[in-house]
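Worksheet: the structure to be examined is printed underneath.
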Amino acid sequence: MRCLVISDIHANLTAFEAVLEDAKGLFDKIWCLGDMVGYGPNPNECVTLLRSFDHLCIAGNHDWAVLDKLDIDEFNPDARLATLWTREQLNNEVKSYLDELPTMLVEDNSYTLVHGSPRHHVWEYILYPAIAQPNFKYFDTPYCFVGHTHSPVVFQEAPLSDELCDAFIPDAEPIHLGQARLIINPGSVGQPRDGDARAAYGILDTEAKTFSYKRVKYNISETQEKMKKQKFPSRLWNRLAFGW
Ligand code: ZN
């Protein structure tokens, strides 16, 4: 099976559509790692579009925040504002869909899917090796997909648990899934933060055992215009052009 692995769409419909167009014919199913909503202007549309595909999806912190399932006091002011705006927009069908999302899934006995980390499914950011290495103890499968940081990265488990794991920023060359256990972050569709403004996604081929990273340009100003119209803070739409 070929899976389109995506995360952190954040209600950016234009970016999501660009990814689907770019990946057309390359996948049989979508695996979505959470944060469908929050920050962007099209929360209902993004969820509805995802649901029109054969897919699975897990909950992210923003999906919970818009349902008031977690405290938004720790969000930065812009994120809080976007959360409150999103709460007003969501239709009941989308709300109950988000409400029923699991926080972890295991597929094919080989792939664990969480938004944050295996240790703290919804909240923890795996930003660097010192956080990644202890997390290898918290899942049983060879591979784990995470989102949440909005930056593509691969962590490879260290042979000894007191050593630091390897981390690398992937390029266009497909990664061969072999003996080494990996934590893989495909990056963000709707709000990349690795200095590359293009939407990020990955294609997992479970038979060939490869994972390929992809980037695709989308019409950033279209999303920005929608956000301006809704009077979103300028920081929120400005950042999209810079990928941070
Ligand atoms: Zn996110």
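What's counted below: heavy atoms across the whole structure, side chains too, no hydrogens, waters or symmetry copies. Indexing begins at 1, ligand by ligand and atom by atom, following the structure's order. These numbers were taken from a predicted model, which means no experiment stands behind them. Here, residue 1 is the first one in the sequence, and each next residue gets the next number.
A salt bridge does not link K217 with D22: every distance from a Lys NZ or Arg NE/NH1/NH2 to an Asp or Glu carboxylate oxygen is 4.0 Å or more. The residues R80 and E74 are annotated as not salt-bridged, no charged nitrogen and carboxylate oxygen being separated by less than 4.0 angstrom.
Shown here are the protein N/O/S atoms lying under 2.8 Å from the Zn ion (ligand 1), water excluded: D8 OD1, H10 NE2, D35 OD2, H150 NE2.
In plain terms, the two heavy atoms of N61 and L70 that are nearest each other are O-CD2, 3.7 Å.
For F139 and Y111, the ring centers sit 6.0 Å or farther from each other.
Around CG of D108, the count of heavy atoms belonging to other residues, nucleotides or ligands within 6.0 Å exceeds 12.
Among residues two or more places apart in sequence or in another chain, the side chain to side chain contact (heavy atoms under 4.5 Å, CB included) test is passed with T149 by Y125, L127, S151, N185.
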